[in-house]
Amino acid sequence: QVDLVESGGGSVQAGGSLRLSCVASGENLSSVGWFRQAPGKEREGVAAIYIDSGSTYYGATMKGRFTISRDIAKSTVYLQIDNLESEDTGMYSCAADPGGDRALPLLLLFGDFPYWGQGTQVTVSS
């Protein structure tokens with residue numbers, strides 16, 4: 001069993017920055033991913049990270065303004081978003097995999113994580 005709680009969302013102006021947090025509790029984790037979904041659009045994989053090694057993978061359209069990281073001591077995975085754009089508006093959720101090092105690109109593409117948080121809303125105004 002894994003519990004995930006996201007925070008850090010809010011309303012910001014275009015060009016600003018946000019750091020989203022995902023605090024995990026319960027079973028030890030292999031990887032964590034961040035996803036987002038805007039109204040009327042399908043869910044997109046943003047970034048994923050292996051907890052032990054810190055190795056990362058980003059969605060095809062996400063590299064550049066997004067940075068995923070983890071703080072093992074705080075059991076927290078972060079998503080830093082810089083130079084926010086109105087198109088970044090959406091619900092951001094984290095997901096966790098307690099299994100053994102499944103490929104991050106496939107996890108992001110198909111969203112095949114067994115545990116999900118409730119999400120935190122990001123709203124960007126221009």
Side-chain angles (χ1 to χ4, degrees):
Q1 181 179 344
V2 176
D3 187 60
L4 304 171
V5 179
E6 302 98 331
S7 63
S11 298
V12 298
Q13 295 188 34
S17 298
L18 283 174
R19 189 179 71 165
L20 310 182
S21 298
C22 174
V23 179
S25 61
E27 186 178 359
N28 290 338
L29 302 177
S30 176
S31 60
V32 171
W34 278 98
F35 296 79
R36 72 179 186 182
Q37 187 169 24
K41 298 182 64 177
E42 296 183 354
R43 176 171 285 128
E44 300 176 295
V46 179
I49 187 169
Y50 286 124
I51 298 301
D52 286 345
S53 68
S55 296
T56 61
Y57 183 83
Y58 294 88
T61 64
M62 305 298 173
K63 184 67 175 181
R65 299 185 296 110
F66 299 84
T67 304
I68 189 171
S69 61
R70 89 279 196 249
D71 187 330
I72 295 177
K74 295 182 179 180
S75 298
T76 301
V77 174
Y78 302 100
L79 181 68
Q80 177 76 27
I81 315 175
D82 296 315
N83 194 23
L84 281 157
E85 304 172 352
S86 60
E87 293 78 12
D88 294 322
T89 294
M91 182 69 70
Y92 286 71
S93 303
C94 64
D97 181 15
D101 298 332
R102 290 196 290 162
L104 298 185
L106 295 179
L107 287 171
L108 268 189
L109 179 62
F110 297 108
D112 192 20
F113 287 90
Y115 299 102
W116 291 79
Q118 293 293 100
T120 183
Q121 178 68 35
V122 172
T123 303
V124 183
S125 61
S126 59

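Just so you know, these numbers use all the heavy atoms, side chains as well, and skip hydrogens, waters and symmetry mates.
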Practice problem: Quick one: do L106 and D112 satisfy side-chain contact (heavy atoms from CB on, under 4.5 Å)? Show the steps, please. | Solution: CA-CA 8 Å; L106 295 179; D112 192 20; over 6 Å; no
Quiz item: Applying the 4.5 Å side-chain criterion to the ILVMFWY set and letting contacts propagate, would V46 and W116 be lumped into a single cluster?
Solution: no
Quiz prompt | Donor-acceptor under 3.5 Å (E6 side chain, C94 main chain) | solution = yes
Quiz prompt | Shortest non-hydrogen contact from P114 toward P98 | solution = CG-CD, 3.7 Å
Quiz item: Looking only at heavy atoms, which two atoms of Y50 and R102 are closest? And how far apart?
Solution: OH-O, 2.8 Å
Quiz item: Passes side-chain contact (heavy atoms from CB on, under 4.5 Å), R36 versus V122? Steps please.
Solution: CA-CA 9 Å; R36 72 179 186 182; V122 172; over 6 Å; no
Quiz item: Is it the case that one hydrophobic cluster holds both I68 and V23, taking links as side-chain heavy atoms less than 4.5 Å apart, direct or via other members?
Solution: no
Quiz item: When you look at R65 and I81, which way does the side-chain contact (heavy atoms from CB on, under 4.5 Å) test go after all the steps?
Solution: CA-CA 6 Å; R65 299 185 296 110; I81 315 175; 4.3 Å; yes
Quiz item: Within the distance-only criterion (no hydrogens, no angle test), does the side chain of R70 pair as donor or acceptor with the backbone N or O of D52 below 3.5 angstrom?
Solution: yes
Self-check item: Closest non-hydrogen atom pair, T56 against Y58
Solution: OG1-CE1, 3.6 Å
Exercise. Examine distances only and state if a side-chain atom of T76 and a backbone atom of K74 form a donor-acceptor pair shorter than 3.5 Å.
Key: yes
Quiz item: Which word best sums up how the rings of F113 and F35 line up, parallel for under 30°, tilted for 30 to 60°, or perpendicular for over 60°?
Solution: perpendicular
Quiz item: In terms of side-chain heavy atoms, does S30 have a donor or acceptor partner in D101 at a distance below 3.5 Å?
Solution: yes
Practice problem: Kindly work out whether a path of hydrophobic side-chain contacts (I/L/V/M/F/W/Y, heavy atoms less than 4.5 Å apart) joins Y115 to L20. | Solution: yes
Practice problem: Say whether L4 and I49 are linked into one hydrophobic cluster, either directly or through other cluster members, by side-chain heavy-atom distances under 4.5 angstrom. | Solution: yes
Practice problem: Using the rule that two of Ile, Leu, Val, Met, Phe, Trp, Tyr join whenever any of their side-chain heavy atoms come within less than 4.5 Å, decide whether I51 and L104 are in one cluster. | Solution: no
Self-check item: Minimum heavy-atom distance A24-L29, with the two atoms named
Solution: CB-CD1, 3.7 Å
